[in-house]
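Below: the structure, in structure tokens.
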Amino acid sequence: MAAFPIRMNYIMKHTSLLIGSLLLLFSCQTEDAVQQQTRLYGQIGKKAGISTAHPVATAVGMDVLREGGNAYDAAVAVQFALAVVYPRAGNIGGGGLAVLRQQDGAVYSLDFREKAPGKAYKNMYLDEDEEPIDKLSTVGPLAAGVPGTVAGMAALHERFGSLSWDKLVAPAMLIAEQGVCLTKAEAEKLNENQSFIKENSPGTPAFINENEWQEGDTLKQPELAETLRMISEQGKKGFYEGKTAKLIASQMEATGGFITEEDLASYQAAWREPIVEGWEDYNIIAMPPPSSGGIAVVQLLKGTSNYPVEDWGHNSLKTLHIMTELERRVYADRAVYIGDPDFVDVPTAMLMSDTHLEARFGDIKEDEKTDSQEIKEGNVEVIESIETTHFSILDEMGNAISLTTTLNGNFGCKVVVDGAGFLLNNEMDDFS
């Protein structure tokens with residue numbers, strides 16, 4: 001958790017959120033001190049906890065909790081803040097998944113992943129010889145799926161939020177307007193990708209700096225601030241209808257993308273029944289399909305029960321060997337059985353059953369490597385990207401949320417919506 005020497009003072013009045021020391025917080029002059037303090041000590045919380053990929057997003061969430069908000073309020077504020085300060089993965093143009101546990105033990109999961117546009121079709125990325133067209137599914141407007149993030153945050157807030165929506169969006173709006181101090185990592189990532197962003201985006205996106213970005217530079221995003229203002233005032237409609245929806249759809253039509261105003265207006269986030277599975281003395285609460293993570297974690301944990309990995313030690317040769325063998329089989333199951341439950345029947349219970357796992361892991365040898373080609377299904381040659389971000393929040397009442405959000409690749413499909421200031425995802429590349 002990131003440490004900050006200056007607390008953000010939110011002064012709440014009517015429907016607006018006035019921020020006193022926030023501008024000082026984002027001043028680049030404090031960055032060295034912040035990083036030094038974080039490196040040496042981190043921050044220890046007595047009542048609540050937040051872990052995010054960026055110190056400013058963490059600070060936003062911390063202040064929501066200080067002002068009496070619950071974990072779900074903080075999650076909404078953090079998600080929008082990440083869209084500003086961590087643009088390679090934090091987003092309003094992508095999607096995500098969330099698992100929730102309330103203080104009374106009730107559990108929920110929320111699916112706000114991107115969806116295929118209505119015009120999408122099976123061979124849209126193949127040439128006349130049915131060979132894949134290089135980068136067509138990863139770069140450019142045709143790679144973008146219908147974004148789900150704003151709908152997901154609206155659904156989360158509607159069901160579990162306690163503070164007003166506009167107060168939770170306001171910090172991100174102000175940061176976008178006033179600017180955020182770039183870390184070394186963010187400056188480097190922007191420099192690596194800005195030529196692709198420039199090539200695929202009309203107008204002049206805020207991410208473009210002809211002199212290259214440096215650590216300590218201030219990134220201001222006025223168009224994104226205006227988009228966030230509309231979301232703050234109109235909720236979900238401020239993104240999926242009206243001006244923002246027209247900007248997305250008109251740019252898609254002009255550049256060969258498929259997303260339409262109808263696709264945006266019809267998008268709905270989905271509440272799903274989470275996976276709850278016992279393992280030894282624990283209850284695993286995890287995301288169900290379309291995510292594969294929950295099933296995979298349960299399979300791996302159950303698989304380790306057959307071996308004395310605690311005696312072998314963490315990262316010992318024997319432990320690494322067994323984990324590799326287990327993962328080979330888990331990922332083979334993942335490739336074959338797990339899909340979108342809106343369209344296919346996923347045998348979730350079977351995949352986690354003792355009967356299936358005993359058979360699945362029964363041929364593992366402690367002293368011999370299994371050739372992956374012998375057990376994996378299909379020909380999976382693409383190594384998954386790591387350009388996704390995750391945050392976890394626990395409030396003092398005992399509510400918890402675990403949320404993963406992404407544009408898929410770094411900066412998604414490298415397309416910034418002109419006039420709206422945000423990046424679109426390249427999630428269509430995940431379709432099989």
Side-chain angles (χ1 to χ4, degrees), residues 1-3 35 37-46 48-55 58 89 97-99 101 107 109 185 274-288 291-335 338 348 351-354 356-376 380 382-394 398 400-406:
M1 196 191 314
Q35 291 182 351
Q37 186 175 347
T38 302
R39 279 196 300 269
L40 292 176
Y41 307 112
Q43 181 158 317
I44 306 300
K46 294 181 180 180
I50 299 180
S51 175
T52 86
H54 197 286
T58 298
L97 305 162
V99 178
R101 183 186 185 279
V107 294
S109 65
I275 287 172
V276 181
E277 187 75 10
W279 174 72
E280 297 188 354
D281 295 330
Y282 300 94
N283 245 2
I284 308 302
I285 304 167
M287 192 71 202
S291 170
S292 61
I295 293 173
V297 166
V298 170
Q299 287 184 316
L300 287 169
L301 287 172
K302 286 188 173 183
T304 61
S305 297
N306 299 320
Y307 303 94
V309 292
E310 189 172 352
D311 295 335
W312 291 345
H314 176 65
N315 273 356
S316 68
L317 185 61
K318 283 188 174 181
T319 298
L320 290 175
H321 168 69
I322 290 300
M323 291 305 299
T324 302
E325 291 297 305
L326 291 170
E327 288 167 5
R328 280 192 172 100
R329 290 156 178 81
V330 168
Y331 273 76
D333 277 358
R334 176 185 189 263
I338 300 177
T348 301
L351 290 170
M352 299 186 296
S353 69
D354 293 340
H356 172 74
L357 296 178
E358 285 173 7
R360 201 72 181 93
F361 301 144
D363 61 347
I364 293 177
K365 298 180 175 60
E366 292 186 21
D367 58 353
E368 186 177 330
K369 168 187 176 295
T370 307
D371 187 345
S372 293
Q373 297 297 329
E374 296 178 6
I375 57 174
K376 74 174 183 178
V380 180
V382 179
I383 296 178
E384 293 195 44
S385 63
I386 58 172
E387 297 82 16
T388 294
T389 190
H390 178 91
F391 61 85
S392 298
I393 303 176
L394 175 69
I401 182 167
S402 176
L403 191 152
T404 302
T405 185
T406 189

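These values consider heavy atoms only, across backbone and side chains, with no hydrogens, waters or symmetry-generated copies.
For the residue pair Gly278 and Lys302, the shortest heavy atom distance occurs at O-CE, 3.9 Å. Heavy-atom minimum distance, Pro274 versus Pro288: CA-CD, 3.9 Å. Nearest heavy-atom pair, Asp367 versus His321, reported as atom, atom and distance to 0.1 Å: N-NE2, 4.2 Å. Among all heavy-atom pairs drawn from Leu97 and Ser291, the shortest one is CD1-CB, 3.4 Å. Among all heavy-atom pairs drawn from Gly294 and Ile275, the shortest one is C-CD1, 3.9 Å. Between Leu351 and Gln299, the shortest heavy-atom contact is O-NE2, 2.9 Å.
Between the NZ atom of Lys318 and the OH atom of Tyr307 there is a distance of 12.0 Å, given to the nearest 0.5 Å. Here the CZ-CG distance, from Arg329 to Asp363, works out to 4.5 Å after rounding to the nearest 0.5 Å. Rounding to the nearest 0.5 Å places OG1 of Thr52 at 11.5 Å from CG of Leu403. To the nearest 0.5 angstrom, Ser292 atom OG is 11.0 Å from Asp333 atom CG.
Inter-residue side-chain proximity for Leu320 and Trp312 is flagged as unmet; no heavy-atom pair is nearer than 4.5 Å. Side-chain atoms of Ile295 and Thr348, non-hydrogen and from C-beta on, do get closer than 4.5 Å to each other. Inter-residue side-chain proximity for Met287 and Thr404 is flagged as unmet; no heavy-atom pair is nearer than 4.5 Å. Here the side chains of Phe361 and Leu326 are in contact, with some heavy-atom distance below 4.5 Å. Two residues are said to be in side-chain contact when any heavy atoms from C-beta on lie closer than 4.5 Å; Thr304 and Ile322 fail this criterion.
Looking only at atom types and distance, the side chain of His314 has no donor-acceptor partner in the side chain of Thr319 under 3.5 Å away. At a cut-off of 3.5 Å, with distance as the only test, no side-chain donor of Ser51 or Ser392 sits close to an acceptor on the other residue.
Proximity of a side-chain donor or acceptor of Trp279 to a complementary backbone N or O of Leu301 within less than 3.5 Å is detected. Arg334 places no side-chain N or O within donor-acceptor distance of the main-chain N or O of Ala296, the cut-off being under 3.5 Å.
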- Between Thr370 and Ile364, is a side-chain contact (heavy atoms from CB on, under 4.5 Å) present by the stated rule, with each step listed? CA-CA 8 Å; Thr370 307; Ile364 293 177; 5.8 Å; no
